[in-house]
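Working notes, beginning with the structure itself.
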Amino acid sequence: MHSFGYRLNVLLTQAVTLLALMCVIASLSDTLNVPSPSADVRVLHINWLHKQRNGNDEVSLTMNISADLRSTFTWNTKQVFVFLAAEYETEKNHLNQISLWDAIIPSKEQAKFSYHTINKYRFTDQGNNLRGQEYNLTLHWHVMPKTGKMFSDKVITTGYRLPETYV
Amino acid sequence: MDWQGQKLAEQLMQILLVAFAVGAFATGYVMGSFQMMMLIYAAGVVLTTVVTVPNWPFFNRHPLNWLDPSEAEKHPKPQVQQQTPSSSKKKSSGKKHHHLGYHHMKYGDIAKEERERNLGWCWSDIRHHHLDCLFVSL
């Protein structure tokens with residue numbers, strides 16, 4: 001502690017170390033939060049189901065996506081990234097997962113939402129297996145923190161089926 | 001700063017930083033505001049810098065008593081033997097240490113009559129913050 005520069009160096013190092021420690025504890029405090037989210041996805045209308053030029057099937061859906069993710073927010077949450085995935089099994093692939101829609105929820109107040117929309121991203125198959133295909137719609141969300149560990153979870157809704165013929 | 005002041009500065013720095021860290025975290029957690037935690041902690045770091053880093057007068061309340069130059073001339077420094085193992089270990093790099101301007105001297109090298117006169121030379125180790133010293137008490 002014998003000079004100005006030395007004291008300044010020690011102080012800054014200790015301050016930054018304590019800051020890192022605070023961030024670690026803040027991240028650990030996220031585990032105390034037990035979220036109770038709810039979600040509901042409905043397919044309102046199959047707009048079309050056809051075969052592309054390259055042989056792959058494609059479908060367009062109109063959906064209503066509603067959820068209440070307010071309980072996933074903590075004091076250490078920067079935003080929640082939520083996306084809807086269609087999941088189904090084919091002969092070729094054990095699991096096909098296609099992201100249909102996503103959104104960023106920046107604050108707790110906006111975490112209760114209801115979107116009436118068509119799929120933001122194309123629902124395209126690897127092949128032509130979509131006729132009569134059964135699929136699940138899974139809503140995934142990633143809780144992104146300000147510091148530390150990101151938590152993610154999902155809710156699966158089953159029982160959707162595509163038309164038997166091209167529409 | 002003098003030695004006591006340096007110790008005080010170090011203690012103040014650590015206590016203030018930890019106190020502000022704990023206080024900032026508790027306040028931020030209870031209020032549910034990450035930003036509040038950051039602001040309180042930043043204010044705490046600035047306050048600690050202002051209190052402990054500059055050379056304030058209250059860090060100099062136990063100044064060292066330097067030997068008066070006229071007295072120093074009356075009692076010349078004892079000669080260092082060339083082959084003492086401790087001094088060759090310490091002075092091997094030939095580095096000049098900035099601590100007090102005294103020369104490195106083991107206590108045992110000082111002549112017996114000088115010890116009886118309560119006069120001697122100091123040896124300090126800047127890294128360990130302590131001072132083994134013979135006082136001038138004339």
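Computed over heavy atoms, backbone and side chain alike; hydrogens, waters and symmetry mates excluded. Letters A, B, ... mirror the listed sequences (proteins, then strands); counts begin at 1.
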- Salt bridge or not for A:Glu164 and A:Arg161, using N-O below 4.0 Å?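 Salt bridge: yes.
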- Query: Is any side-chain heavy atom of B:Tyr41 closer than 4.5 Å to a side-chain heavy atom of A:Leu18?
  - Reply: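 When only atoms from C-beta onward are counted, A:Leu18 and B:Tyr41 do touch, with a gap below 4.5 Å.
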- Query: Tell me, do A:Tyr166 and A:Leu49 make a side-chain contact under 4.5 Å, heavy atoms counted?
  - Reply: yes
Can you pull out the residues in [range] with any heavy atom less than 4.5 Å from chain B?
range	result
residues 51-76 of chain A	A:Trp75, A:Asn76
residues 31-46 of chain A	A:Leu32
residues 133-152 of chain A	A:Lys146, A:Thr147

- Item | Residue-level interface, residues 50-57 of chain B with chain A, non-hydrogen cut-off under 4.5 Å |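 Residues of residues 50-57 of chain B touching chain A at under 4.5 Å: B:Thr52, B:Val53, B:Pro54, B:Asn55.
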- Measuring heavy-atom distances to chain B, does A:Leu21 have an atom under 4.5 Å in its side chain, in its backbone, in both, or in neither?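 When you check distances to chain B, no heavy atom of A:Leu21 falls under 4.5 Å.
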- Task: Counting only heavy atoms closer than 4.5 Å, note whether A:Leu12 contacts chain B via side chain, backbone, both or neither.
- Result: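 Neither part.
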- Item | Neighbour count above 12 (heavy atom, 6.0 Å) for A:Tyr115 OH |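 No.
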- Message: Does atom CD (A:Glu87) have a neighbourhood of more than 12 heavy atoms from anything else shown, all under 6.0 Å?
- Response: yes
- Test item: side-chain donor near acceptor, A:Asn129 and A:Tyr88, under 3.5 Å: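 Side-chain D/A pair, A:Asn129 to A:Tyr88: absent.
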Any chance you could measure [X], atom [atom1], to [Y], atom [atom2], to the nearest 0.5 Å?
X	Y	atom1	atom2	value
A:Asn96	A:Thr90	CG	OG1	4.0 Å
B:Leu67	B:Leu64	CG	CG	12.5 Å
B:Gln35	B:Leu39	CD	CG	5.0 Å
B:Phe34	B:Met36	CZ	CE	13.0 Å

Should [X] and [Y] be regarded as members of a common hydrophobic cluster, given that ILVMFWY residues are connected when their side-chain heavy atoms come within less than 4.5 Å of each other, either directly or indirectly?
X	Y	result
A:Ile105	A:Phe83	no
A:Val155	A:Val80	yes
B:Val22	A:Ile25	yes
B:Met13	A:Phe4	yes
B:Met1	B:Phe58	yes

- Query: Can you tell me if B:Thr27 uses its side chain to pair, donor with acceptor, with the backbone of B:Gly23 under 3.5 Å?
  - Reply: yes
- Message: For the backbone of A:Leu95 and the side chain of A:Asn93, can you confirm whether one donor and one acceptor N or O come within less than 3.5 Å of each other?
- Response: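 Looks like no, no N/O pair under 3.5 Å.
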Identify which part of [X] has an atom lying under 4.5 Å from any heavy atom of chain A, answering side chain, backbone, both or neither.
X	value
B:Met31	neither
B:Val18	both
B:Tyr29	both
B:Thr48	both

Show the nearest heavy-atom pair for residues [X] and [Y], with the distance to one decimal.
X	Y	result
B:Leu17	A:Ala15	CD1-N, 3.9 Å
A:Lys92	A:Gln126	NZ-OE1, 3.9 Å
A:Tyr121	A:Ser99	CB-O, 3.3 Å

- Message: Please identify, among A:Leu19, A:Thr77, A:Val10, the residue contributing the most non-hydrogen atom pairs under 4.5 Å to chain B.
- Response: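 Winner by heavy-atom pair count: A:Leu19.
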